*Asks:* 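Questions regarding the structure given below will be posed in turn.
Quick caveat, the model's predicted, so the values are computed rather than measured. Excluded from the calculations below are hydrogen atoms, water molecules and symmetry mates; all remaining heavy atoms, backbone and side chain alike, are included.
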Amino acid sequence: MKNYSFINLFVVMVFSLLLGACDHDDDYVSYSIDLKGTPDQYEYLEENGELEVPLYVASEAGIKSAYYKVGVKNDEGKVVIGNAVDIPVPEKSSNDVLSVKIPVVKNMSHIFFAVFDKNDQLYKRTVTVAEVRNAPVLAFKDNIDQKKTVCVGIPFNIKGEIQSEYELASVWAIPVVNGVEKETVRGSLSSTSFELSIPVEAGLQSVLVKAANVHGGVVTKEFKVLNVVMEDFLDLTFTSDLTELNRTIVGKVKSIDGIIASGSDIASMKYAIKKNGSLGNYVELPLIDSEGNEAKFSIQLTGEEGIESVEIVATNQGNVTTTEKPRVKVLSASRVASLTDVTMSTDPADNACFLALFEETPVFGVSTAINKQERIDFYLANKGNGVQPLSPHAYAAGDAYYNASKPYITGFETLTYAFISAKRGKITKDAFDAISSEQGLQEFLESSIIPPSPDGENYKIYTASRRVGDTFNDTSKNEGGFLFGWGTHSHPNISPAVGVSNVAFAIFYVKSVTKKANGHWTIVFDVKYPLTDERVANTGGSIAPYAPYPL
């Protein structure tokens with residue numbers, strides 16, 4: 001660092017007076033802090049570096065408190081002053097030198113110091129910085145900043161890119177094992193690309209990757225290690241959205257992408273397509289960007305009716321094998337299942353409170369439902385002012401839902417999940433009637449409901465956390481369409497909801513709602529839904545009753 005002798009001292013004094021290190025500094029007559037020969041003007045510092053400044057005051061009373069504030073220039077060139085940072089003061093302090101370490105941040109221009117002695121005498125000093133040189137910017141390859149599994153004794157590589165205004169000097173890594181930083185690992189630089197070979201020992205938690213330019217500017221970025229094993233392994237991770245496979249259209253291509261990581265080198269990778277219950281021949285899967293024990297892969301799957309899944313098998317040199325079977329749902333272009341003029345009731349005496357679309361008899365009562373808990377799509381609850389379809393998953397969404405649900409699901413041990421939308425304006429009777437296939441239903445959703453449909457409702461139904469429908473009645477809401485979805489949902493105790501994935505859908509159109517003399521309600525609707533049993537295919541969201549809502 002060099003003394004910067006071109007800044008007018010008068011400007012420094014003005015800043016000290018106007019922007020003093022304490023809100024009430026101007027209430028005091030101040031004296032200067034001695035910096036013990038270190039500069040108070042710097043030509044440049046390095047971002048992410050550390051500036052160490054000694055502070056000394058000639059006070060027989062001793063130091064009571066000390067702090068500093070950092071001034072940073074904004075985009076308009078104005079200095080914005082940060083909050084005060086306390087400087088630790090020794091208990092026995094008379095003429096001690098306080099050593100202060102200040103992190104260097106981007107666009108830092110001033111550091112304002114203030115010290116009070118035990119007689120409340122104020123001492124001040126300002127350090128100025130003409131320039132903060134930008135540190136390098138480091139990015140890991142494919143923006144992946146963690147390794148799911150590594151094996152003791154088998155090194156793994158970390159690669160990436162470094163961008164820097166100044167010439168790069170070096171790249172290195174510090175493994176962190178059980179919270180302790182280990183011996184530095186030197187890496188190789190090729191233009192802006194870097195590569196590091198990281199040794200693996202038990203307890204490895206992360207790797208601190210660092211890069212420096214020729215001026216000493218340093219960037220640090222953490223690469224996490226999630227699991228360390230003692231034996232060889234194979235780990236397959238999908239990078240594409242597998243829920244998209246549930247919306248495969250005949251003739252359209254879906255991509256199944258991922259990364260295969262291994263302890264020893266990968267020996268082979270293949271896949272086969274299961275269609276109409278039979279597994280086809282395996283096809284060798286080319287590895288992309290292979291590094292021996294890590295590679296990418298990509299399967300281009302063309303939609304055909306009858307496809308059920310893709311079976312992917314990988315083996316490494318240590319004879320470890322892993323198999324993944326992502327499910328594929330090809331939307332039929334020929335027809336969609338449908339029911340017309342379905343009548344349900346909130347009155348248990350009518351034996352029509354429950355709906356299970358994939359049962360031979362889809363509408364049934366309480367006595368049957370207790371034996372078909374895992375098959376239920378929704379039940380109807382009497383909300384007093386109307387009838388509301390409820391997913392069993394939402395029985396404890398509040399006391400009102402709990403009390404409304406007990407007449408129907410008391411004694412249940414399995415509560416299935418379903419997505420149920422409110423009444424949607426785009427679902428008109430004409431639009432409903434025009435849908436004749438699963439593919440037609442998907443095309444309607446994409447054009448009218450799901451963003452970024454140009455004329456749609458921009459309703460993100462794939463991740464929407466909604467388990468109750470509208471309350472229909474015999475006046476303001478006695479008809480209209482809503483959506484129903486099968487998928488998975490995090491436990492209701494987790495808030496906000498995470499891991500919501502709605503993968504397959506039905507469409508309902510309510511035709512009438514009637515209030516019975518005893519206060520219960522009946523509802524009549526049409527419904528169109530997939531041919532495949534989506535209830536059995538989506539069981540991951542089911543829950544058991546939980547406190548404080550026993551059944």
*Asks:* Do the ring planes of Tyr395 and Tyr549 sit parallel (below 30°), tilted (30 to 60°) or perpendicular (above 60°)?
*Replies:* perpendicular
*Asks:* Under a 4.0 Å threshold between the charged nitrogen and the carboxylate oxygen, would Lys296 count as salt-bridged to Asp289?
*Replies:* yes
*Asks:* Pairs of donor and acceptor atoms involving the side chains of residues 276-286, under 3.5 Å and at least two apart or interchain, shall be tabulated with distances.
*Replies:*
{"from": "Tyr282", "atom 1": "OH", "to": "Glu311", "atom 2": "OE2", "distance (Å)": "2.4"}

*Asks:* Does a sphere of radius 6.0 Å around NZ in Lys252 hold more than 12 heavy atoms from other residues, nucleotides or ligands, not counting ones at 6.0 Å or beyond?
*Replies:* no
*Asks:* With distance as the sole criterion, is a donor-acceptor pair present between the side chains of Asn134 and Lys106 under 3.5 Å?
*Replies:* yes
*Asks:* A cation-pi test, strictly: NZ or CZ of Lys372 under 6.0 Å from the centre of the six-membered ring of Phe354 and no more than 45 degrees from its axis. Yes or no?
*Replies:* no
*Asks:* Give a yes or no on whether Glu413 atom CD has more than 12 heavy-atom contacts from other residues, nucleotides or ligands under 6.0 Å away.
*Replies:* no
*Asks:* Answer yes if the ring centres of Trp486 and Tyr529 are under 6.0 angstrom apart, and no otherwise.
*Replies:* no
*Asks:* Less than 3.5 Å apart, any donor N or O on the side chain of Ser298 or Asp257 sitting next to an acceptor on the other?
*Replies:* yes
*Asks:* Would you kindly check if the NZ (Lys) or CZ (Arg) of Lys383 is within the cone defined by 45 degrees around the ring axis of Tyr401 and under 6.0 Å from the six-membered ring centre?
*Replies:* yes
*Asks:* Only counting residues at least two apart or in another chain, list the ones meeting side chain to side chain contact (heavy atoms under 4.5 Å, CB included) with Asn74.
*Replies:* Glu76, Lys78, Val80
*Asks:* Taking Glu359 first and then Arg375, would you say they form a salt bridge - that is, a charged N and a carboxylate O separated by under 4.0 Å?
*Replies:* yes
*Asks:* Using atom types as modelled, flag every donor-acceptor pair under 3.5 Å from a side chain in residues 492-504 to any protein atom, sequence neighbours excluded.
*Replies:*
{"from": "Asn502", "atom 1": "OD1", "to": "Tyr417", "atom 2": "OH", "distance (Å)": "2.6"}
{"from": "Asn502", "atom 1": "ND2", "to": "Ile461", "atom 2": "O", "distance (Å)": "2.7"}
{"from": "Asn502", "atom 1": "ND2", "to": "Ala464", "atom 2": "O", "distance (Å)": "3.1"}

*Asks:* Please work out whether the ring planes of Phe419 and Tyr459 are parallel, tilted or perpendicular, with thresholds of 30° and 60°.
*Replies:* tilted
*Asks:* Looking at Glu291 and Lys159, is any side-chain nitrogen of the basic one under 4.0 Å from a carboxylate oxygen of the acidic one?
*Replies:* yes
*Asks:* Please name the residue in the list Phe508, Tyr509, Phe472 that meets the ring-ring contact (aromatic ring centres under 6.0 Å, His included) test with Phe525.
*Replies:* Phe508
*Asks:* Does the side chain of Ser542 pick up a donor-acceptor pair with the side chain of Thr414 at under 3.5 Å?
*Replies:* no
*Asks:* Kindly check if the number of other-residue, nucleotide or ligand heavy atoms within 6.0 Å of NZ (Lys511) is above 12?
*Replies:* yes
*Asks:* Do Ser345 and Asp347 have side-chain atoms, one donor and one acceptor, less than 3.5 Å apart?
*Replies:* no
*Asks:* Does Lys73 have more than 12 heavy atoms from other residues, nucleotides or ligands lying within 6.0 Å of its NZ?
*Replies:* no
*Asks:* Crowded around Lys224 NZ? As in, over 12 foreign heavy atoms under 6.0 Å?
*Replies:* no
*Asks:* Is it true that Lys148 and Asp235 make a salt bridge, defined as a side-chain N closer than 4.0 Å to a carboxylate O?
*Replies:* yes
